[in-house]
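For reference, the structure is listed below as structure tokens.
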2 protein chains.
Amino acid sequence: MSVTLKDVAQAARVSVSTASRALTGTGLTSDRTQQRLVRIARELGYRPNPIARGLKTGQSRLVALLVHNLTNASFQVMAEVVQARLKALGYQMLLCIGGDDPQQESDTLTTLVDHRIDGLIVVPTGKNGAQLKTLAKDVPIVCLVRRDDATDLETVLADDPQGAYLGTRHLIELGHTRIGLIVGRQDTTSGRERLSGYVRALREAGIARDDTLIHAGHYVPETGASCCRKLLDLSRPPSAIFVANHEATLGVLRVTAERNIAIPDDLSLLCYEDMPWFEWHRPAISIVDNGARDLANLAVDRLLHRMDAKGNGSEGVREYRVGARLIKRDSCRQVDTPAPARSAKPKSSSSKSSAAKSAKA
Amino acid sequence: MSVTLKDVAQAARVSVSTASRALTGTGLTSDRTQQRLVRIARELGYRPNPIARGLKTGQSRLVALLVHNLTNASFQVMAEVVQARLKALGYQMLLCIGGDDPQQESDTLTTLVDHRIDGLIVVPTGKNGAQLKTLAKDVPIVCLVRRDDATDLETVLADDPQGAYLGTRHLIELGHTRIGLIVGRQDTTSGRERLSGYVRALREAGIARDDTLIHAGHYVPETGASCCRKLLDLSRPPSAIFVANHEATLGVLRVTAERNIAIPDDLSLLCYEDMPWFEWHRPAISIVDNGARDLANLAVDRLLHRMDAKGNGSEGVREYRVGARLIKRDSCRQVDTPAPARSAKPKSSSSKSSAAKSAKA
DNA sequence: CTGTTAGCGCGTTCAT
DNA sequence: ATGAACGCGCTAACAG
């Protein structure tokens with residue numbers, strides 16, 4: 001069916017071992033036979049069998065990427081980046097979808113090590129720390145986007161505290177003082193950190209934290225919808241909403257559409273993580289970009305590093321941050337600051353703001 | 001490091017082969033030892049090594065899915081479906097991204113067979129027919145969404161002729177007579193078929209085909225933008241645009257936004273293939289659904305079938321169609337038919353319906 | 001029903 | 001520098 005090393009050896013009238021050495025380039029062969037074998041192998045269309053090689057070497061040229069889903073735009077670009085990077089190095093990517101479900105994650109992990117993957121980039125649920133820790137002894141692992149607190153694995157994180165801070169500050173600078181926050185579950189790294197960034201920006205601006213403006217929930221559109229409704233139903237609703245829970249964005253958009261709320265005229269909207277259509281949407285949606293591409297690239301870098309330095313356990317930096325950045329588009333507008341209510345906390349009753357036309361640039 | 005079959009055999013005081021038979025369940029062992037071995041294996045935490053097994057059996061429990069990208073929403077759901085289905089059967093999905101690039105596709109294909117994949121579902125570029133044909137001798141292959149005309153591989157297609165027909169007819173029924181079409185490359189199955197469906201609907205309605213209204217192009221947003229501009233710049237621009245090139249949709253939306261064209265008031269818009277945000281968009285975008293989920297499921301079914309019936313070459317049906325369906329939302333509106341310019345086939349002249357407010361249901 | 005033997009394709013000792 | 005022999009972990013022939 002397919003030509004084996006033996007075939008090449010026979011054609012070249014050498015032993016399999018010489019053929020092996022010549023083709024793997026261990027340098028223990030004369031240049032002449034080396035080149036001859038390479039040529040013959042190519043002529044015969046020889047392709048080394050990764051299975052057989054793997055059985056011997058314990059490697060598979062397979063690297064796994066385990067993410068929660070493919071709907072999340074960040075995971076999409078990460079998958080594409082990882083696949084491209086790895087392919088260039090002769091690895092095949094094994095993309096797995098864990099659904100943010102601990103059980104599924106656990107199952108997948110065992111399957112993966114069964115297949116003797118050479119490396120793993122994982123967005124952990126956080127519930128399988130023990131298992132991950134064990135696996136890490138056998139195979140290089142890099143955590144991405146989320147940290148698993150039960151482990152001390154090398155981790156590549158977005159700079160969520162900064163991102164949320166930047167976004168919130170942006171809204172504050174536009175004059176908003178009541179800023180709704182819809183954020184992810186507080187048992188996840190990003191959920192907590194984005195909240196903290198939001199709080200910090202508020203505190204710096206001397207704005208009192210109002211917990212009725214803060215909603216945390218699961219990573220689904222429905223979260224966005226229900227939280228958004230709650231915010232809008234407040235006696236004093238926010239003038240801006242910061243949707244720092246990526247998947248909740250759709251729900252928020254639905255509710256604002258349902259209620260005929262004009263963005264940004266009636267409500268400013270800032271989202272976290274880009275989606276391809278955000279910039280084509282009308283109005284184009286301003287975002288805090290988490291740098292998915294950079295995150296993936298860095299994760300690959302770190303993984304390759306650990307795969308090279310095989311055997312090395314723990315040493316040096318174990319956590320990296322990829323900076324976030326604010327991308328202003330058209331979904332946030334300047335509002336009248338009724339009065340520089342900065343002193344202690346005597347907000348001036350924001351009577352009413354006639355019409356601050358959308359300041360587009 | 002990990003416990004092998006030998007370890008289990010020793011612990012049970014039997015030979016490796018007995019252990020193998022007992023655990024693989026070939027039934028050639030006494031029930032007693034069978035169960036005993038299963039128990040011992042579990043106690044020891046034995047996990048069979050797929051690499052070693054693969055070397056022997058020539059199988060890998062790996063099934064590849066090769067798509068063009070992950071941005072296309074259809075490919076996303078296909079990937080998720082395929083992964084879920086396969087995992088349930090003990091296979092691992094090897095997701096590969098070919099970028100609709102023949103060279104990349106070719107490279108990936110060879111890598112995949114190197115890894116001795118047990119099956120392949122591929123969205124072919126159409127330029128590697130010969131290679132696919134060769135590979136098909138070694139591994140079951142099912143083509144998805146696109147046909148590779150150079151092969152006679154089993155193929156699961158969307159019913160694009162019907163989908164395009166349904167969509168076009170919908171617009172016609174709403175009173176549109178000048179319907180712009182932005183469609184995919186004519187060297188692809190779907191590109192051609194969608195055009196044909198559009199043409200058929202027009203013909204049935206007795207509307208003359210106007211080639212200035214028809215644009216075909218590559219699967220990128222830019223295509224949508226430039227084609228959309230051309231359509232709008234026509235002396236007699238269309239009252240509706242059917243974007244039957246999925247990835248071009250974003251470009252169309254941008255242009256309409258740039259030009260401040262209200263949808264559906266100024267222009268009706270119908271798109272092909274759903275995206276998660278279409279229904280949250282404002283207005284919610286009507287679409288022709290290609291049934292990505294069904295397509296993927298059927299492809300998996302067919303692949304599994306061929307993987308079971310190993311050795312069987314060609315027999316029976318080789319092409320399947322998954323029906324398309326129209327999903328009406330809010331981006332298409334009824335228009336006044338200015339005058340029954342219908343001579344040829346005098347359908348009932350529905351002279352005018354002054355203001356048929358967007359028929360929302 | 002079980003144990004022995006052989007070999008999948010390759011890398012890596014040993015010798016030479 | 002090269003060849004012979006061994007074994008990775010497992011399954012599938014063959015005997016018994």
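Being a predicted model, the structure only gives us computed values, none of them experimental.
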| request: Report the distance from atom CG of B:Leu55 to atom C1' of C:dG11, rounded to the nearest whole Å. | output: 13 Å
| Pairwise P distance for D:dC10 and C:dC1, with rounding to whole Å | 24 Å
| query | Within the structure, does a side-chain N or O atom of A:Ser30 lie under 4.0 Å from either OP1 or OP2 of D:dT2? | reply | yes
| Residues in side chain to side chain contact (heavy atoms under 4.5 Å, CB included) with A:Val322, at least two apart? | A:Val156, A:Asp294, A:Leu295, A:Leu298
| Can you find an N or O donor on one side and an acceptor on the other, under 3.5 Å apart, linking the side chain of A:Arg21 with the base of D:dG3? | yes
| Closest approach of B:Pro140 and B:Met307, non-hydrogen atoms and distance? | CG-CG, 3.6 Å
| query | Considering only the P atoms, how many Å lie between D:dG9 and C:dT2, rounded to the nearest integer? | reply | 25 Å
| request: Can you tell me which stems involve DNA chain D, if a stem is defined as three or more consecutive Watson-Crick or G-U wobble pairs, both distances under 3.5 Å? | output: C:1-3 with D:14-16, C:6-16 with D:1-11
| Where each residue is assigned the nucleotide of DNA chain D containing its nearest heavy atom, which of B:Leu5 and A:Lys56 is assigned the position nearer the 5′ end? | A:Lys56
| query | Between C:dG11, D:dC10, C:dC10, which nucleotide has the shortest distance from any of its atoms to the side chain of A:Thr24? | reply | C:dG11
| message | Less than 4.0 angstrom between a side-chain N/O of A:Ser20 and OP1 or OP2 of C:dG11, yes or no? | response | yes
| field | A:Pro124: which of A:Leu132, A:Asp149, A:Thr189, A:Val145 passes side-chain contact (heavy atoms from CB on, under 4.5 Å) | value | A:Leu132
| With a 4.0 Å cut-off on heavy atoms, is A:Val16 in touch with a base, just the backbone sugar-phosphate, or nothing at all? | nothing
| request: Please answer whether the main-chain N or O of A:Gln59 pairs with a side-chain N or O of A:Asp118 as donor and acceptor at a distance below 3.5 Å. | output: no
| message | Quick check against the 3.5 Å criterion: does A:Arg146 have a side-chain atom that pairs as donor or acceptor with the backbone of A:Thr188? | response | no
| For D:dT2, does either OP1 or OP2 sit under 4.0 Å from a side-chain N or O belonging to A:Thr33? | yes
| said: Could you tell me if the side chain of A:Val3 sits less than 4.5 Å from the side chain of A:Val8, heavy atoms only? | reply: yes
| query | Within less than 4.0 Å of OP1 or OP2 of C:dG9, is there a side-chain N or O belonging to A:Arg53? | reply | no
| task | Spell out yes or no: do the side chain of A:Ser17 and the base of C:dT13 have one donor N/O and one acceptor N/O closer than 3.5 Å? | result | no
| query | Are B:Thr18 and C:dG3 close enough that a side-chain N or O sits under 4.0 Å from OP1 or OP2? | reply | yes
